[in-house]
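Worksheet: one structure, shown below.
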Amino acid sequence: MRFLHHPDRKHISLAGVLYALGDPVRLEIVRRLAVKEEQCCADFDFAIAKSTMSNHFKILRESGVVLTRKEGTQHINMLRKEDLSALFPGLLDAVLRSAKPLSVGCSSQQTTSQQV
């Protein structure tokens, strides 16, 4: 079984969190996790390659935004709300309030050009 790296709270940086939240697809993942609390990777049905989605989850996990655990063959994700709120009070709430939902079938390239 492959080890999934999660940084300790003390190693989560503002720059890393902002980088992770700066991509429209990753922001949509975070927005949906804030609503549903836990979801497996397969529940996110974006029109992008599976490897690209895996990379988005890796960036979110390694920046300290999400916590991922394995259940069988599934990867279950949840926001690290407590850690993020302790380190950066109000940041996650402010970002989520301003985030507009993505269309489920949009690719990240289409979404980026729509937001510009």
Side-chain angles (χ1 to χ4, degrees):
M1 180 165 70
R2 198 175 78 186
F3 174 73
L4 298 174
H5 171 72
H6 297 89
D8 290 332
R9 180 189 281 191
K10 63 185 175 189
H11 293 119
I12 297 173
S13 71
L14 180 60
V17 170
L18 292 176
Y19 172 76
L21 296 174
D23 181 87
V25 172
R26 292 192 293 267
L27 184 56
E28 179 64 11
I29 291 168
V30 170
R31 194 188 67 74
R32 291 184 186 191
L33 287 173
V35 172
K36 205 165 184 186
E37 295 194 17
E38 285 191 348
Q39 279 186 278
C40 71
C41 295
D43 290 344
F44 295 91
D45 189 24
F46 295 109
I48 58 178
K50 185 177 176 182
S51 60
T52 303
M53 281 300 290
S54 294
N55 189 55
H56 284 309
F57 280 104
K58 177 183 176 189
I59 290 168
L60 288 167
R61 186 180 66 248
E62 291 182 351
S63 67
V65 176
V66 300
L67 180 69
T68 305
R69 73 176 190 283
K70 285 193 78 157
E71 286 186 9
T73 59
Q74 303 277 337
H75 287 88
I76 309 299
N77 301 282
M78 61 185 273
L79 284 179
R80 292 179 68 173
K81 287 181 187 178
E82 187 177 309
D83 290 334
L84 294 172
S85 293
L87 292 168
F88 317 111
L91 175 68
L92 189 57
D93 291 334
V95 168
L96 291 172
R97 270 195 310 272
S98 66
K100 292 181 174 63
L102 277 181
S103 298
V104 173
C106 287
S107 72
S108 61
Q109 288 181 339
Q110 291 170 331
T111 305
T112 304
S113 64
Q114 289 173 354
Q115 290 183 348
V116 173

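Values in this document were obtained by computation on a predicted structure and should not be read as measured data.
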### Task
Enter the distance from Met53:CE to Asn55:CG here, rounded to the nearest 0.5 Å.
10.5 Å
#### Entry: Which atom of Ile76 lies closest to which atom of Cys40, heavy atoms considered
CD1-CB, 3.6 Å
### Query
Can you tell me how far CD of Gln74 sits from OG1 of Thr68, rounded to the nearest 0.5 angstrom?
12.5 Å
### Query
Considering all heavy atoms of both residues, which atom of Leu92 and which atom of Leu84 are nearest to each other, and what is their separation?
CD2-CD1, 4.2 Å
### Query
Do the side chain of Asp23 and the main chain of Val25 share a donor and acceptor less than 3.5 angstrom apart?
yes
#### Entry: Gap separating the CZ atom of Phe57 from the NE2 atom of His75, nearest 0.5 angstrom
10.5 Å
### Task
Would you kindly confirm whether Met78 and Phe44 end up in one hydrophobic cluster when ILVMFWY residues are joined by side chain heavy atoms under 4.5 Å apart?
no
## Note on the structure
Tightest non-hydrogen contact, residues Arg61 and Pro7, listed as O-CD, 3.3 Å
### Query
Counting heavy atoms not belonging to Lys81, are there more than 12 under 6.0 Å from its NZ?
yes
### Query
Under 3.5 Å, is there a donor-acceptor pair between the side chain of Ser63 and the main chain of Leu60?
yes
### Query
When clusters are formed by joining ILVMFWY residues with side-chain heavy atoms under 4.5 Å apart, either directly or through shared neighbours, do Leu79 and Leu18 land in the same one?
yes
### Task
In sequence, state the C-alpha distance, the side-chain angles, and the governing distance for Val65 and Arg26, and then conclude on side chain to side chain contact (heavy atoms under 4.5 Å, CB included).
CA-CA 10 Å; Val65 176; Arg26 292 192 293 267; over 6 Å; no
### Message
To the nearest 0.5 Å, what is the distance between CZ on Arg80 and CZ on Arg9?
### Response
8.5 Å
#### Entry: Ile59 with Leu96, same ILVMFWY side-chain cluster at under 4.5 Å
no
### Message
If you apply the rule side chain to side chain contact (heavy atoms under 4.5 Å, CB included), what do you find for Phe46 with His56, and how did you get there?
### Response
CA-CA 12 Å; Phe46 295 109; His56 284 309; over 6 Å; no
### Query
How far apart are the closest heavy atoms of Val17 and Phe88, and which atoms are they?
CG2-CE1, 4.0 Å
### Co-membership, hydrophobic cluster, residues Val35 and Leu67, 4.5 Å side-chain
no
### Query
What do you reckon, is CD of Glu38 surrounded by more than 12 foreign heavy atoms closer than 6.0 Å?
yes
### Message
So if I apply the side-chain contact (heavy atoms from CB on, under 4.5 Å) rule between Asn77 and each of Leu33, Asp43, Val30, Ile29, which one comes out positive?
### Response
Leu33
